[in-house]
Protein chains: 2
Amino acid sequence: MAEDVFKALADPTRRKILDELTERNGQTLFEICTRLTTKHGLGSSRQAISQHLAVLESAGLVVSRRQGRYKFHDLDTQPLERIVTRWLKPDAPEGTP
Amino acid sequence: MAEDVFKALADPTRRKILDELTERNGQTLFEICTRLTTKHGLGSSRQAISQHLAVLESAGLVVSRRQGRYKFHDLDTQPLERIVTRWLKPDAPEGTP
DNA sequence: TTGATAGGCAAGTCGTTACTTGCCTATGCT
DNA sequence: AGCATAGGCAAGTAACGACTTGCCTATCAA
């Protein structure tokens, strides 16, 4: 639902995670943790990031695939494209009769 | 800031207000209140809507103009267009070389 | 098999936020 | 002037959300 997408986007840490996955897709939880602390400078614990990933996943913004003991996370921008057209309708992007 | 925009969009009542202003721009506080209760069926008090409008206004999504004892509220979608391109950049909409 | 790595689950804490309640200001009409 | 309408301010309450803490499971390498 759109509700979940908006609530998922409300948190700055979750938006940083989306930024990180935009740069490099298919990261594991620990990869995201380390790159968030080093590059973006925010010290969030593993559990915190894990819960954020769960929120993003239930919103459909992130899909995960398990492989052995690793769990890779991929970005999915489809939910984003849907929610924005809500108030931008009178724009008539291109193929509108 | 983008922070304010995302937080403003996180609340379902505020999104309904944006829906309402999309349908009819330039409404007063009382107009929005009555149309939200009648059409959308959600019973929010005047003060609640007033505070929501303040949040939307500080996020730049709504601009207000005072005229006598009335205060009209207009939708501004510019902040929306900015925040979405954040993760949709590789899309290259149409006029991109 | 043992240890190390990658991740999950659940309860509890603390801050934020949406909403209420009560009162106040300002404009317009008669 | 007097009253009604349109809106604002501020403190208090209740619930939600982010984060922590502690322990548990599963996979791989030695």
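- Rounded to whole Å, atom P of dG8(C) lies 9 Å from atom CD of Glu57(A).
- Among the heavy atoms of the strands lying under 4.0 Å from Ser45(A) are primed sugar atoms or P, OP1, OP2 only; no base atom is included.
- Donor-acceptor pairing under 3.5 Å, judged by distance alone, is present between the side chain of Arg46(A) and the base of dG8(C).
- Between the CZ atom of Phe6(B) and the C1' atom of dT16(C) there is a distance of 19 Å, given to the nearest Å.
- Between Ser50(B) and the phosphate of dG8(D), there is a side-chain N or O to OP1/OP2 separation shorter than 4.0 Å.
- Nearest nucleotide to the Gln51(B) side chain, out of dG7(C), dA10(D), dC19(D): dA10(D).
- Rounded to a whole Å, the OH atom of Tyr70(B) is 16 Å from the P atom of dA4(D).
- Within the structure, a side-chain polar atom (N or O) of Lys7(A) is placed less than 4.0 Å from OP1 or OP2 of dG17(D).
- In the set dA18(C), dA18(D), dG7(C), dA18(D) carries the atom at the smallest distance from any side-chain atom of His52(A).
- Checking dC19(C), dG7(C), dC19(D) against the side-chain heavy atoms of Thr13(B) singles out dC19(C) as nearest.
- Lys7(A) and Glu3(A) are joined by a salt bridge, as a carboxylate oxygen and a charged side-chain nitrogen come within less than 4.0 angstrom of each other.
- Of the candidates dA6(D), dG8(C), dG7(C), dA6(D) carries the atom nearest the Arg69(B) side chain, counting heavy atoms from C-beta on.
- Counting only heavy atoms from C-beta on, Leu29(B) has its side chain closest to dG8(D) among dG8(C), dC19(C), dG8(D).
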Applying side chain to side chain contact (heavy atoms under 4.5 Å, CB included), run through Thr28(A) and Lys71(A) and close with a yes or a no. CA-CA 6 Å; Thr28(A) 69; Lys71(A) 189 181 179 186; over 6 Å; no

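- Atom P of nucleotide dG17(D) and atom CG of Leu9(A) are separated by 15 Å, given to the nearest angstrom.
- Counting only distance, with no hydrogens or angles, the side chain of Ser50(A) and the backbone of Arg46(A) share no donor-acceptor pair below 3.5 Å.
- A side chain to side chain contact (heavy atoms under 4.5 Å, CB included) with Leu56(B) is found for one member of Ile17(B), Leu21(B), Leu75(B) and no other, namely Ile17(B).
- Within the nucleic acid shown, Ser44(B) has no heavy atom closer than 4.0 Å to any nucleic acid atom.
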